[in-house]
Amino acid sequence: QVKLVESGGGLVRSGGSLSLSCAASGRSFRDDTMGWFRQAPGKERQFVGCIAGSAGIRYIADSMKDRFTISIDNAKNTVYLQMNNLKPEDTAVYYCAAGNWWHERGQPDYWGQGTQVTISS
């Protein structure tokens, strides 16, 4: 059974940083894509970033690429999202996603349960 477990969410003040982790179990995603989405209250789910496990090719949404970094540790089957200079509008539930997909190409096959990120002003 495939499982994605996010961690690292929490409450920080505007301008602060958070690092999210997502550990996958049940299969390796070395040859697939892992990434992050977020959903704020009352809003649609929004793509954040993705990374190809083997090639290390990564893509971050334009609105976040100056502040967010995505990385992967294939040995640990874990993807990370480093978020800096956080703003109140970054408040959302952040979801890990994995499978055979890429930004605007297909949909993830697996999803985590989400981790809450709250930024206070």
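Residue numbers run from 1 in the order of the sequence given.
- Applying the ring-ring contact (aromatic ring centres under 6.0 Å, His included) test to residues at least two apart or on different chains, none of the pairs has a partner in residues 63-82.
- Judged by distance alone, with hydrogens and angles left aside, the side-chain atoms of Asn74 form no donor-acceptor pair with the main-chain N or O of Arg30 at under 3.5 Å.
- By the 6.0 Å and 45° rule, Arg27 stacks over the aromatic ring of Phe29.
- Side-chain contact between Arg67 and Met83 is absent, with no heavy atoms from C-beta onward closer than 4.5 Å.
- Within the 4.5 Å cutoff, side-chain heavy atoms of Ser63 are placed close to those of Gln46.
- The CZ atom of Arg13 sits 8.5 Å away from the OG atom of Ser121 when rounded to the nearest 0.5 Å.
- Side-chain contact between Ile51 and Ile57 is absent, with no heavy atoms from C-beta onward closer than 4.5 Å.
- Atom CG of Leu11 is surrounded by more than 12 heavy atoms from other residues, nucleotides or ligands within 6.0 Å.
- Arg58 contributes a side-chain N or O that, together with a main-chain N or O of Ile70, makes up a donor-acceptor pair within less than 3.5 Å.
- A 4.5 Å side-chain heavy-atom check between Asn100 and Asp109 finds at least one atom pair inside the cut-off.
- A heavy-atom distance below 4.5 Å is found between the side chains of Leu18 and Leu86.
- Listed for the Glu6 side chain is a donor-acceptor partner under 3.5 Å among the backbone atoms of Gly114.
- Rounded to the nearest 0.5 Å, atoms CH2 (Trp36) and CG (Leu81) are 6.0 Å apart.
- Using modelled atom types, one finds no donor on one side chain facing an acceptor on the other under 3.5 Å when comparing Glu89 with Thr91.
- Contact of the Met34 side chain with the Pro108 side chain is not registered, since no non-hydrogen atoms from C-beta on lie closer than 4.5 Å.
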Inset, instruction - For ring-ring contact (aromatic ring centres under 6.0 Å, His included), just list the numbers for Phe37 and Tyr95, CA-CA rounded to whole Å, side-chain angles, deciding distance to a tenth of an Å, and then say yes or no. - result: CA-CA 5 Å; Phe37 290 77; Tyr95 295 94; 8.8 Å; no

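- A salt bridge is defined here as a Lys NZ or Arg NE, NH1 or NH2 lying under 4.0 Å from an Asp or Glu carboxylate O, and Lys65 with Asp62 meets this definition.
- Two residues are said to be in side-chain contact when any heavy atoms from C-beta on lie closer than 4.5 Å; Leu4 and Gln113 fail this criterion.
- Between His103 and Tyr59, the ring planes lie parallel to each other; the angle is under 30°, not in the 30° to 60° tilted range.
- The shortest distance between side-chain heavy atoms of Val117 and Val12 does not fall below 4.5 Å.
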Can you list the steps and then say if Gln1 with Ser25 is a side chain to side chain contact (heavy atoms under 4.5 Å, CB included)? CA-CA 8 Å; Gln1 181 183 1; Ser25 60; over 6 Å; no

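- Side-chain contact annotation: Asp73 with Thr78, donor-acceptor N/O pair under 3.5 Å absent.
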